[in-house]
Amino acid sequence: MPEPTVRVRIAPSPTGFAHLGTASTALYNLLFARQREGTFALRIDDTDLERNRPEYEALIYEALRWLSLDWDEGPDKGGPYAPYRQSERVDLYRQHAVRLLDEGKAYKCYCTQEELEAERRQAQFEKRPYKYSRRCLTNPPTDRGVFAVRFKVPGGSVVFTDMIRGEMAFDAELIGDFILMKSDGFPTYQFASPVDDALMKITHVIRGEEHLSNTPYQLMIVDALGYERPIAYAHMPLILAKDGAKLSKRKHPESNLMLYREQGYLPEALINYLALLGWNPGTAQEIFTFEELMRIFSFDRVQHAGARFDWEKLNWINGEWIRAMVDGELAKRLQPFLSNLDEATIMRAVPALKTRMTKLADATEYLDYLWKEPDMPALDAEQASRIDMAVDALKEVPWEPEPIEHALEGVVERTGLSKNKLYTPIRLTLTGKKVSLPIHYTLALLPKEIAMTRLMRAVPA
RNA sequence: GGCCCCGUCGUCUAGUGGACUAGGACGCAGCCCUCUCAAGGCUGAGACCGCGGGUUCGAAUCCCGCCGGGGCUACCA
């Protein structure tokens, strides 16, 4: 039998901002799909009526597009297995639930949340592992109308292949009957996900490790339905926060993908960093383009343990990408962060700026003196006189970094002053800051009249 | 509580019985360069390989126990 064409998917839930873990999972899926010349689908798992919002779905698209993690099939693009939004596939889940009901593989459950909670507490009190009592299977109440559909777990053992961990085996005797259809008529994740994966002919399920223990639940459903199981699974190590817990939307703001765009991380750099979190090439190389990753990525070099997210390393990788970027491209990417400046000015700043940024937003701190008048620094008489000398030397100089630098060096030579003594008061007067780009750039980026005015302001008449 | 996954410098990791005096990267420290800040170059500190038992001539690497962390155990996904 020939290997079927690879089909993979990601299935994010629109329950808040786009999550870093979604990007990570999308990356691994895409890498695998592209290297096997397969298809990458985006499915929106919006079965939680309480928490889903259409605007959150838009956020997911925006974030993935920003990272160039493009999908072949999805709610916005369509595809042979449309619709790709679970809320539009509810009839399908209902039909499958009815079939399971008819075949005696599922049953209606009329228990209330309170009753179930009581069962659970009782089990805990008696220190025995909790499993649903099957009350509604053996002795269903006759006076109730609202019900959920519960799967009758067949028991036995569930075995499957994980591309990272090898053969996995779970004892299904330990799994209690679980809900397929909620009483609001919507499916649970445990039900909708395997049904869709089967219907959409997903061949490899690549997702976060949090789903490892969910896999036997889903496989039992696939089996009960008589569908073909995916060829293999891959459960990727979780991205952990500084505190060692799984990155959560509520507790960890760094899980918000849009944050990275706002701060000026390059999509290439984020991808690069994400790839290295949990996977390594086995060589000393640290900087990778997507195409390189596509060539060398493999699941057998994926880590088994969760990886802690580290800003420092991301910053370094981002800096590497910034420094490697050609000036014109960098200027273009800088534009949104420097909306007060025109393209030509940004372009002139780039050579000096390049080695000083870890992220694009850093440019503001270096350049805001160009549109903001700094406060007059407190200078002593000596400093004022040095500025006076600089003004003299600069008067007739063409306003470009090179000639400015030579003019100032001339002053240094003639007076025997140190560069530090001469440049510091200039820097202070021009920018109001102790740190700036090299002094000749700091001067040249400012229109000459403004620069001279600011300098002369510091010199007592 | 039960089940599952995992445990090498602060962090990401290399390592699959001898080449390990445990390697690299980020970060950190020092020096060089230098007008500030970076970048760059060089040097350095930093891991008794979670702990305890085995197996073996020999273990970070194999086995067992314990401890620790994470995940799942929802009418969340």
Side-chain angles (χ1 to χ4, degrees), chain A residues 11-15 45-48 50-52 86 109 111-113 116-117 120 123-124 126-131 146-150 162 164-165 168-171 174-176 178-190 192-193 208-217 235 237-238 240 242 244-246 273 276-286 301 303-317 319 323 352-358 362 365-366 405 408-409 412 418-424 426-428 431 433-440 442:
Chain A
S13 293
T15 55
D45 278 16
D46 56 348
T47 54
D48 185 346
E50 303 277 308
R51 298 195 297 157
N52 293 315
Q86 290 191 326
C109 177
C111 294
T112 64
Q113 300 278 12
L116 293 170
E117 183 54 34
R120 234 173 273 130
Q124 198 175 18
E126 292 170 22
K127 291 202 184 303
R128 87 188 130 76
Y130 174 70
K131 268 172 83 171
V146 183
F147 63 90
V149 177
R150 230 177 239 283
D162 186 281
I164 296 165
R165 278 163 254 264
M168 301 291 311
F170 284 82
D171 184 0
L174 270 14
I175 297 174
F178 55 94
I179 304 284
L180 263 24
M181 297 294 289
K182 301 181 262 188
S183 51
D184 65 7
F186 269 59
T188 59
Y189 164 78
Q190 296 290 42
S193 184
E209 202 209 295
E210 63 215 1
H211 293 297
L212 188 54
S213 319
N214 287 328
T215 307
Y217 290 69
H235 290 94
L238 259 19
L240 273 21
K242 201 118 190 137
K246 173 173 92 158
Y273 178 66
L276 254 20
L277 253 196
W279 169 86
N280 79 83
T283 65
Q285 188 178 351
E286 303 265 358
R301 293 204 68 90
Q303 211 66 19
H304 294 193
R308 233 168 268 230
F309 180 85
D310 179 23
W311 283 107
E312 301 293 347
K313 182 85 177 237
L314 205 215
N315 284 342
W316 174 74
I317 289 179
R323 274 165 256 140
L353 213 44
K354 220 174 182 176
T355 57
R356 276 162 252 261
M357 293 186 291
T358 71
D362 296 342
E365 186 63 23
Y366 278 105
E405 185 175 24
L408 291 177
E409 277 168 353
V412 167
S418 70
K419 283 184 174 178
N420 192 16
K421 282 209 176 352
L422 179 63
Y423 295 175
T424 297
I426 301 177
R427 168 170 290 121
L428 243 25
T431 69
K433 298 173 192 182
K434 281 191 277 201
V435 173
S436 83
L437 297 182
I439 203 68
H440 49 298
T442 305

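FYI, side chains are in, hydrogens and waters are out, and symmetry mates aren't considered; it's all heavy atoms of this structure. Proteins come first, then strands; the chains are lettered A, B, ... in the order of their sequence lines, and each starts at number 1. Note that the structure is a prediction, hence the values are computed from the model and not measured.
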Distance-only polar pair, side chains of A:H235 and A:T215, donor-acceptor under 3.5 Å: yes
Nucleotide-resolved protein contact map, nucleotides 33-39 of chain B, B/S/- at heavy-atom distance under 4.0 Å: --BBBBS
Gap in Å between the two C1' atoms, one belonging to B:rC63 and one to B:rC20, rounded: 23 Å
Interatomic distance where CG belongs to A:N315 and P belongs to B:rG27 [whole Å]: 9 Å
Interatomic distance where CD belongs to A:E209 and P belongs to B:rG7 [whole Å]: 11 Å
Touch class at under 4.0 angstrom, heavy-atom based, for A:G278 against every strand present: sugar-phosphate
Phosphate-side-chain proximity, A:H304 and B:rC6, N/O vs OP1/OP2 below 4.0 Å: yes
Modelled atom types, side-chain donor and acceptor of A:T431 and A:S436, under 3.5 Å: no
Distance in angstrom units between A:L240 CG and B:rG7 P, rounded: 13 Å
N or O in side chain of A:N280 less than 4.0 angstrom from B:rU13 OP1/OP2: no
Partner nucleotide of B:rG58 by Watson-Crick or wobble geometry (both distances under 3.5 Å): none
Check: A:Y217 ring centre within less than 6.0 Å of A:F170 ring centre: no
Sugar-phosphate only, base, or nothing, as touched by A:F170 at under 4.0 Å among non-hydrogen atoms: sugar-phosphate
pair A:I179-A:V149: side-chain heavy atoms closer than 4.5 Å: no
Distance below 4.0 Å between A:Q285 side-chain N/O and B:rG24 OP1 or OP2: no
Worked verdict on A:Y273 versus A:W316 for side chain to side chain contact (heavy atoms under 4.5 Å, CB included): CA-CA 10 Å; A:Y273 178 66; A:W316 174 74; over 6 Å; no
Annotated protein contacts, base or backbone, on nucleotides 72-77 of chain B with a non-hydrogen cut-off under 4.0 Å, one of B, S, - each: SSSBBB
Euclidean distance, atom CZ of residue A:R301 to atom C1' of B:rU13 [Å, nearest integer]: 10 Å
Separation of atom CG in A:L276 from atom P in B:rC12, rounded to whole Å: 12 Å
Integer angstrom distance from the C1' of B:rU16 to that of B:rU8: 14 Å
Sole residue of A:S13, A:P12, A:P14 in side chain to side chain contact (heavy atoms under 4.5 Å, CB included) with A:D46: A:P14
For B:rC37, the Watson-Crick or wobble counterpart (both distances under 3.5 Å): none
Nearest non-hydrogen partners of A:H304 and A:E209, listed with the distance: O-OE1, 3.5 Å
Touch class at under 4.0 angstrom, heavy-atom based, for A:E50 against every strand present: nothing
Any-strand Watson-Crick or G-U partner of B:rA29, both distances under 3.5 Å: B:rU43
Euclidean distance, atom CG of residue A:L212 to atom P of B:rG2 [Å, nearest integer]: 19 Å
Gap between atoms CH2 and P, on A:W279 and B:rA25 respectively (whole Å): 17 Å
Rounded distance (Å) that lies between atom P of B:rC4 and atom NE2 of A:H235: 15 Å
Parallel, tilted or perpendicular: rings of A:H211 and A:Y189 (30°, 60°): tilted
